[in-house]
Visitor: 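Sharing a structure below in structure tokens format, with a few things to ask.
All values below come from the heavy atoms of this structure, side chains included, with hydrogens, waters and symmetry mates left out.
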Amino acid sequence: MCTVVLLRRPDSAWPLILAANRDEMAGRPWSPPGRHWPDRENVVAGIDLLAGGTWMGLNDEGVVAGILNRRDSLGPDPDLRSRGEIVLEALDHADAADAAEALSALDGRSYRSFNLVIADNRDAYWLKSLGTDGGGQVDCHEIPPGVSMLTSFDMNDPASPRVAHFLPLFEAADAPDPDTGDWAAWQALLASRDHGADADSRDAMRVSTDFGFGTLSSALVALPAMTRRETKPVWLFAAAPAGDAPFEPVDLGA
């Protein structure tokens, strides 16, 4: 599973802070965030070289989107579309509300089950599809202010051992400060191999297994308030698990 953590502060100079660890099979080829799609020149995202989509991206209009597998749905299905296409479709929109409304109309039976996060500096949404098990319905929920956490379970679901252990730690941690470049507390949590007493290494933030599945990269994103028109979003990317590779700024220049 992957993990996304969001801090929503509507009245802040940085109303959205997002952290993510991408967990995947190590042999699945990918490239770091860039402008990889000639027909979507406004999109910066990592590219899945197997299916051509992405797990997370940001457009020039300030919309960020990321997709996560739900439980027991790792890997592609040759009879279904790639979930990585959904993120690109979300980033075709200029604001999160329009994107969430449009993607709520998807037929979830065309994809394996997923959780989708779509956010900008005003709104944030979690979209959930159980695929064929849910009759193709895609449910849309607004993400409330404060800290929220999403894995392969529902949003803030204590049934997820990772959420149960780490959500209180993120809530208690010092919030990132993009103006000073202080992301230390969240970076340390993204790199954590710790897990709850009733969980195992697959429930740590940084996942490692003996069958090739694990955390491949980490990301930190901050979106500035509408009043800060000259301030660009911040995207820091580690091209390996947090702790093994430095967080480097992603080039967001057009």
Side-chain angles (χ1 to χ4, degrees), residues 1-5 18-38 40 43-58 64-91 108 110-117 129-133 150-153 160-162 166 187 189-195 199-221 235-248 250-251:
M1 76 183 86
C2 298
T3 305
V4 172
V5 181
L18 181 151
N21 273 354
R22 181 190 180 217
D23 305 332
E24 182 56 85
M25 295 301 296
R28 186 160 182 160
W30 58 280
S31 291
R35 295 183 187 268
H36 297 293
W37 296 270
R40 287 183 167 96
V43 170
V44 178
I47 185 169
D48 169 26
L49 298 173
L50 181 65
T54 185
W55 60 96
M56 179 177 151
L58 174 69
V64 61
I67 199 157
L68 305 85
N69 301 337
R70 286 188 65 89
R71 284 177 289 169
D72 302 321
S73 69
L74 178 66
D77 184 321
D79 297 324
L80 299 177
R81 297 177 61 181
S82 169
R83 289 169 287 197
E85 298 174 8
I86 299 172
V87 178
L88 295 177
E89 292 183 24
L91 297 176
S110 298
Y111 310 87
R112 302 200 74 184
S113 60
F114 63 83
N115 287 324
L116 177 70
V117 170
S129 170
L130 300 181
T132 55
D133 290 343
L150 187 61
T151 62
S152 61
F153 293 71
S160 166
R162 190 178 300 172
F166 281 99
Q187 286 178 351
L189 287 171
L190 287 178
S192 177
R193 297 178 184 270
D194 193 17
H195 51 79
D200 59 34
S201 61
R202 288 174 292 181
D203 296 308
M205 282 296 297
R206 174 178 169 169
V207 177
S208 178
T209 70
D210 58 3
F211 57 91
F213 178 80
T215 302
L216 302 186
S217 64
S218 301
L220 295 160
V221 174
W235 185 351
L236 304 178
F237 183 78
D244 281 1
F247 281 89
E248 302 284 358
V250 174
D251 183 4

Visitor: In Å, rounded to the nearest 0.5 Å, how long is the span from OG of S113 to CG of L68?
Guide: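 Reported to 0.5 Å precision, the distance equals 11.0 Å.
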Visitor: S208 versus R193: any side-chain heavy-atom pair under 4.5 Å?
Guide: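 A side-chain contact under 4.5 Å exists here.
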Visitor: Are the side chains of F153 and R71 in touch, meaning some heavy atoms are under 4.5 Å apart?
Guide: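 Side-chain contact under 4.5 Å: yes.
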Visitor: Find out whether R162 and V207 are in side-chain contact, i.e. whether some heavy atom of one side chain is under 4.5 Å from a heavy atom of the other.
Guide: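 A side-chain contact exists here, since the closest heavy-atom pair is under 4.5 Å.
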Visitor: Which distance, rounded to the nearest 0.5 Å, do you find between the CE of M205 and the OG of S218?
Guide: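 It is 8.0 Å, given to the nearest 0.5 Å.
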Visitor: Are any of the side-chain heavy atoms of P241 and N21 separated by less than 4.5 Å?
Guide: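 Not in contact.
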Visitor: Roughly how far, to the nearest 0.5 Å, is CZ of R70 from CG of L150?
Guide: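 Going from the CG atom of L150 to the CZ atom of R70 covers 8.0 Å.
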Visitor: For Q187 versus A242, what's the shortest heavy-atom pair and its separation?
Guide: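 Where Q187 meets A242 most closely, the heavy atoms are O-CB, 4.3 Å.
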Visitor: Under the side chain to side chain contact (heavy atoms under 4.5 Å, CB included) rule, what do D48 and E24 come out as? Steps first, then yes or no, please.
Guide: CA-CA 11 Å; D48 169 26; E24 182 56 85; over 6 Å; no
Visitor: Rounded at 0.5 Å granularity, tell me how far CG in L189 sits from OG1 in T3.
Guide: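 The OG1 atom of T3 is 11.5 Å from CG of L189, to the nearest 0.5 Å.
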Visitor: Knowing that exactly one of D251, V44, L220 qualifies, which makes a side-chain contact (heavy atoms from CB on, under 4.5 Å) with W235?
Guide: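 Answer after filtering D251, V44, L220: V44.
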Visitor: With side chains defined as the heavy atoms from C-beta onward, is the minimum distance between R206 and D244 less than 4.5 Å?
Guide: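 In short, these two side chains touch, coming nearer than 4.5 Å.
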Visitor: Can you tell me how far OG of S152 sits from CG of N115, rounded to the nearest 0.5 angstrom?
Guide: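 The CG atom of N115 sits 7.5 Å away from the OG atom of S152.
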Visitor: Is any side-chain heavy atom of R22 less than 4.5 Å from a side-chain heavy atom of W30?
Guide: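 The answer is yes; the side chains approach within 4.5 Å.
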Visitor: Taking atom OH of Y111 and atom OG of S129, what is their separation to the nearest 0.5 Å?
Guide: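 OG of S129 is found 9.5 Å from OH of Y111.
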Visitor: Could you tell me which non-hydrogen atom of V250 sits nearest to which non-hydrogen atom of P33, and how far apart they are?
Guide: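 The answer is CG1-CB, 3.9 Å.
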Visitor: Going by distance alone, is a donor N or O of one side chain under 3.5 Å from an acceptor N or O of the other, for R83 and N69?
Guide: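 There is such a pair between these side chains.
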Visitor: Can you find a pair of side-chain heavy atoms, one from W55 and one from L216, that are under 4.5 Å apart?
Guide: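 A side-chain contact under 4.5 Å is absent here.
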Visitor: The test is side chain to side chain contact (heavy atoms under 4.5 Å, CB included); show your working for L91 and R40 and say whether it passes.
Guide: CA-CA 9 Å; L91 297 176; R40 287 183 167 96; over 6 Å; no
Visitor: Please check if the number of heavy atoms outside D200 that lie under 6.0 Å from its CG is greater than 12.
Guide: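 Yes, the 6.0 Å shell around CG holds more than 12 heavy atoms from other groups.
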Visitor: Answer yes or no: is there a side-chain heavy-atom contact under 4.5 Å between W37 and T54?
Guide: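 Contact flag for W37/T54 side chains = yes.
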